[in-house]
Amino acid sequence: MSIAENIIHWYKNNGRDLPWRHTKDPYLIWLSEIILQQTRVDQGMPYYYRFVDAYPTVNDFAQADEEGILRLWQGLGYYSRARNMHKAAKLVMTDFGGIFPRSYTQLLKLPGVGEYTAAAISSFASNEKQAVVDGNVFRVLSRYFGIDTAINTSAGKKQFAQLASALICENEPGMYNHAIMDFGALICKPKAPLCEQCVLRLGCVAYNQDLISILPVKLKGKASRNRYFHYIVVEKAGEWVLTKRGEGDVWANMYEFPLIETPGDMESEEIMALPEYQAIFGKAKIISIAEPIKHILSHQNIYARFYQLQEAASVIEKNPHWNYYNSDNLDKLAKHKLIFSFINKNIMY
DNA sequence: AATTCGGGGTA
DNA sequence: TACCCAGAATT
């Protein structure tokens with residue numbers, strides 16, 4: 001039995017039953033694939049149901065407003081995925097006559113759809129013979145064949161893509177793609193893989209040469225940097241001030257409280273002495289209202305503190321340059337994790 | 001070719 | 001703590 005036949009056989013008995021595998025609708029498959037980029041199935045599942053319910057068709061998605069889409073995406077991270085989806089949906093309506101593409105080449109034209117996602121959708125929706133290469137495939141192939149080329153180099157990506165294409169099943173490429181990803185997720189796991197249950201272990205180089213913990217090889221990236229955020233929670237008669245982040249930084253376009261970032265950690269006294277604080281709040285005093293929070297992202301550690309204006313200052317006039325939101329409207333805004341978890345804990349009891 | 005885009009699970 | 005997850009876009 002070939003490696004592909006082996007994996008497919010395993011899959012037919014052990015594969016996961018996932019909702020997006022019950023459809024051939026490229027739109028629904030696309031929804032699932034974007035949601036699952038760099039995201040575990042368990043984490044993405046509730047979001048998939050949420051989006052299918054809110055936007056059953058690509059036309060519904062295209063006509064939605066971006067705020068609503070981002071609000072649904074709230075908490076999932078990598079928010080540019082949601083904005084690219086909106087662009088892609090509109091592109092399908094304008095350039096594809098409202099018919100969601102299902103071929104590899106056409107899918108690649110959609111923003112947010114790269115080689116992996118195009119291969120996935122085209123193979124699942126049309127049974128096109130395009131091999132997916134995701135984290136699972138890198139791991140399974142590098143271990144089975146004992147390939148130590150780093151997977152996060154262009155040489156590695158090229159080598160594994162060629163190998164994956166050579167291995168893909170002729171008759172059922174879609175099922176093969178599902179199978180090898182499930183196999184990587186359930187058996188050939190990153191840590192503590194279930195080699196005793198593995199149907200490929202007899203031919204697996206990593207298993208036979210004790211290289212499981214070595215493969216796949218991945219070059220280390222840059223260390224994380226530290227950032228220090230100070231959020232000023234301004235409330236006036238049951239309404240809160242939130243501002244929208246810009247582009248070009250983490251959490252693009254997401255809402256948060258007015259923010260002052262400092263190069264190092266600071267106490268409230270030092271914050272109040274900053275020109276950028278005084279330009280907005282004058283001599284109003286702030287007090288810390290919550291424990292500092294360490295929020296860890298892939299490439300930065302964010303140390304966040306939350307403050308409020310002291311009571312004498314809390315009756316200051318509304319600032320005409322700010323937007324105020326009552327608790328209902330606050331809930332509708334698309335906020336990043338740091339903010340909505342603060343709100344859930346301290347405002348929306 | 002390297003970096004950046006989140007958030008959470010696992011050992 | 002370090003690594004990983006149905007990766008893609010930007011620099």
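Every chain is numbered from 1, with letters handed out A, B, ... down the list of sequences. The shown structure was predicted, so the numbers you read here are calculated from the model rather than taken from an experiment.
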task = Classify the angle between the aromatic ring planes of F61(A) and W30(A) as parallel (below 30°), tilted (30 to 60°) or perpendicular (above 60°).
result = perpendicular
Just checking [X] against [Y], ring centres under 6.0 Å apart?
X: Y307(A); Y: Y231(A); value: no
X: W240(A); Y: Y324(A); value: no
X: W251(A); Y: F340(A); value: no
X: W73(A); Y: F51(A); value: yes

Counting any heavy atom closer than 4.0 Å, what does [X] reach on the DNA or RNA strands: base, sugar-phosphate only, or nothing?
X: K157(A); value: nothing
X: V132(A); value: nothing
X: T117(A); value: sugar-phosphate
X: L18(A); value: base
X: D249(A); value: sugar-phosphate

Polar contact flag, side-chain donor to acceptor under 3.5 angstrom, D65(A)-H86(A) = no
request  = Check the pair F342(A), F306(A) against ring-ring contact (aromatic ring centres under 6.0 Å, His included), reporting the backbone distance first and the verdict last.
outcome  = CA-CA 9 Å; F342(A) 175 87; F306(A) 292 85; 4.0 Å; yes
ask   = Taking for each residue the nucleotide of DNA chain B with the nearest heavy atom, is it I296(A) or G221(A) whose nucleotide lies nearer the 5' end?
value = G221(A)
5' priority, DNA chain B, between A192(A) and R225(A) [closest heavy atom] = R225(A)
key: Quiz item: cation-pi between R81(A) and Y78(A), 6.0 Å / 45°   = no
Under-4.0 Å side-chain N/O to phosphate OP1/OP2 contact, [X] with [N]:
X: Y79(A); N: dG7(B); value: yes
X: K222(A); N: dA2(B); value: no
X: H295(A); N: dG6(B); value: no

Could you tell me the separation between the [atom1] atom of [X] and the [atom2] atom of [N], rounded to a whole number of Å?
X: M85(A); N: dA9(C); atom1: CE; atom2: P; value: 13 Å
X: K189(A); N: dA6(C); atom1: NZ; atom2: P; value: 12 Å
X: K191(A); N: dA2(C); atom1: NZ; atom2: P; value: 11 Å
X: K218(A); N: dC4(C); atom1: NZ; atom2: C1'; value: 7 Å
X: W20(A); N: dA6(C); atom1: CH2; atom2: P; value: 10 Å
X: H299(A); N: dA2(B); atom1: NE2; atom2: P; value: 13 Å
X: H86(A); N: dA9(C); atom1: NE2; atom2: C1'; value: 19 Å
X: L70(A); N: dG7(B); atom1: CG; atom2: P; value: 12 Å

ask   = R21(A) and D17(A): salt bridge (Lys or Arg N to Asp or Glu O under 4.0 Å), yes or no, with the steps?
value = CA-CA 7 Å; R21(A) 290 181 178 170; D17(A) 182 23; over 6 Å; no
request  = May I ask you to list the residues of residues 23-51 of chain A, by number, that have any heavy atom positioned under 4.0 Å from an atom of DNA chain B?
outcome  = Q38(A), T39(A), R40(A), Q43(A)
Considering only atom [atom1], compute the distance from [N] to [M] and round it to an integer number of Å.
N: dG9(B); M: dA8(C); atom1: C1'; answer: 23 Å
N: dA6(C); M: dA11(B); atom1: P; answer: 14 Å
N: dG6(B); M: dC3(C); atom1: C1'; answer: 15 Å

task = Identify whether the distance between the nearest side-chain nitrogen and carboxylate oxygen of E256(A) and K335(A) falls below 4.0 Å.
result = no
Suppose we call a contact any N or O donor and acceptor under 3.5 Å apart; does that hold for the side chain of [X] and the base of [N]?
X: S298(A); N: dG6(B); value: yes
X: R16(A); N: dA6(C); value: yes
X: Y116(A); N: dG7(C); value: no
X: R21(A); N: dA6(C); value: yes

query = In chain order, what residues pass the salt bridge (Lys or Arg N to Asp or Glu O under 4.0 Å) check against D331(A), with sequence neighbours excluded?
reply = R71(A)
key: Residue closer to the 5' end of DNA chain C, A120(A) versus V113(A) (nearest nucleotide)   = A120(A)
note = Expected list for residues 136-146 of chain A near DNA chain C, using heavy atoms below 4.0 Å, is N136(A), R139(A)
